[in-house]
Amino acid sequence: MNIYETADSVAQYLHFHYGGGTHDKAAPFITEHAAFNFAAQTVARLIDPDDSRPRRALDLGCSVGRSTLELSRHADSVIGSDLSAAFIDAARRIAAGEQLSYRLTHDGGRVTEHHARLPAGVDPGHIEFRVCDALAESGSYDIVHASNLLCRVPNPDRLLEQLPDLVAPGGQLALATPGSWLEEFTPRANWPDLALLDYLEAHLTPRMKLVRTVDLPFVIREHDRKFQLGVSLGTCWRKP
């Protein structure tokens, strides 16, 4: 069974996208609180604002939708795409204004109920969520956003080759990845043999220009006393 279709995964990612570190024992020990708002930070820190013309955006591997909602601050039309039907269902319900409940377990089996809500200032009226494999997406967009997706696809080379095709001339690509390669998602034969930034540049620089890089920390709660602390390499690219 796809782990991203389970109720536990939906709860974990709702907390990751919308929880902000609430009731997390790790929060007092993480000095950069932005690590608990990673999905929003990938948009805020990698997308260059430009209100001079209408813009279309595509969020690949959007999970439960926080980054897609944040993209509506920068684009007039946004598509959030993910292979998980459970994630897309949750994203649609939040975009529709539903206060989506999820539960977290704590020491001794205690359970607390939490709620994922529509962030203030976003425009869900111009957002479409759909279930789709990232490699099956097509079209031309002024903004393409793909966060922590690259090391969760079977063939990352193919994804990097496809991304420039999705970006319109003059458009931008926001790409973030921790490079956490696992055989359950990516066969070892498809793991890159270069440093992460060198790997991205080898695939993208022939067609896109690197604007900036930034390290983006993130924290994912596994259970009450165990958290994943990661640092994604965030990159912003422009297509001539």
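For the single chain, residues carry numbers from 1 onward in sequence order. Excluded from the calculations below are hydrogen atoms, water molecules and symmetry mates; all remaining heavy atoms, backbone and side chain alike, are included.
Counted by atom type alone, S232 and N148 present one or more donor-acceptor pairs between their side chains at under 3.5 Å. Counted by atom type alone, D142 and H74 present zero donor-acceptor pairs between their side chains at under 3.5 Å.
H23 and H106 have their aromatic ring centers separated by at least 6.0 angstrom.
Residues passing the side chain to side chain contact (heavy atoms under 4.5 Å, CB included) test with R103 are V111, E113, sequence neighbours excluded. Shown here are the ring-ring contact (aromatic ring centres under 6.0 Å, His included) partners of F87, two or more places apart in sequence or in another chain: Y4, Y13.
For the pair H33 (side chain) and G20 (backbone), a donor-acceptor distance under 3.5 Å is present. Looking only at distances, no side-chain donor or acceptor of R56 sits under 3.5 Å from a matching main-chain atom of I143. Not one N or O on the side chain of K239 forms a donor-acceptor pair closer than 3.5 Å with the backbone of R207.
Pairs of residues two or more places apart, or lying in two chains, that qualify as salt bridge (charged side-chain N to carboxylate O under 4.0 Å, His left out) and include a residue from residues 185-201 are E183-R188. Residue pairs satisfying the ring-ring contact (aromatic ring centres under 6.0 Å, His included) criterion with at least one member in residues 132-175, sequence neighbours excluded, are absent. Pairs engaging residues 83-95 under the salt bridge (charged side-chain N to carboxylate O under 4.0 Å, His left out) rule: D89-R93, R93-E98 [sequence neighbours left out]. A salt bridge (charged side-chain N to carboxylate O under 4.0 Å, His left out) check over residues 150-164, counting only residues at least two apart or in different chains, returns nothing.
Hydrophobic clustering of Ile, Leu, Val, Met, Phe, Trp and Tyr side chains at less than 4.5 Å, counting indirect connections, keeps F218 apart from L229.
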R73 and V122: CA distance, side-chain angles, deciding distance, side-chain contact (heavy atoms from CB on, under 4.5 Å) verdict: CA-CA 6 Å; R73 304 180 193 273; V122 302; 3.5 Å; yes
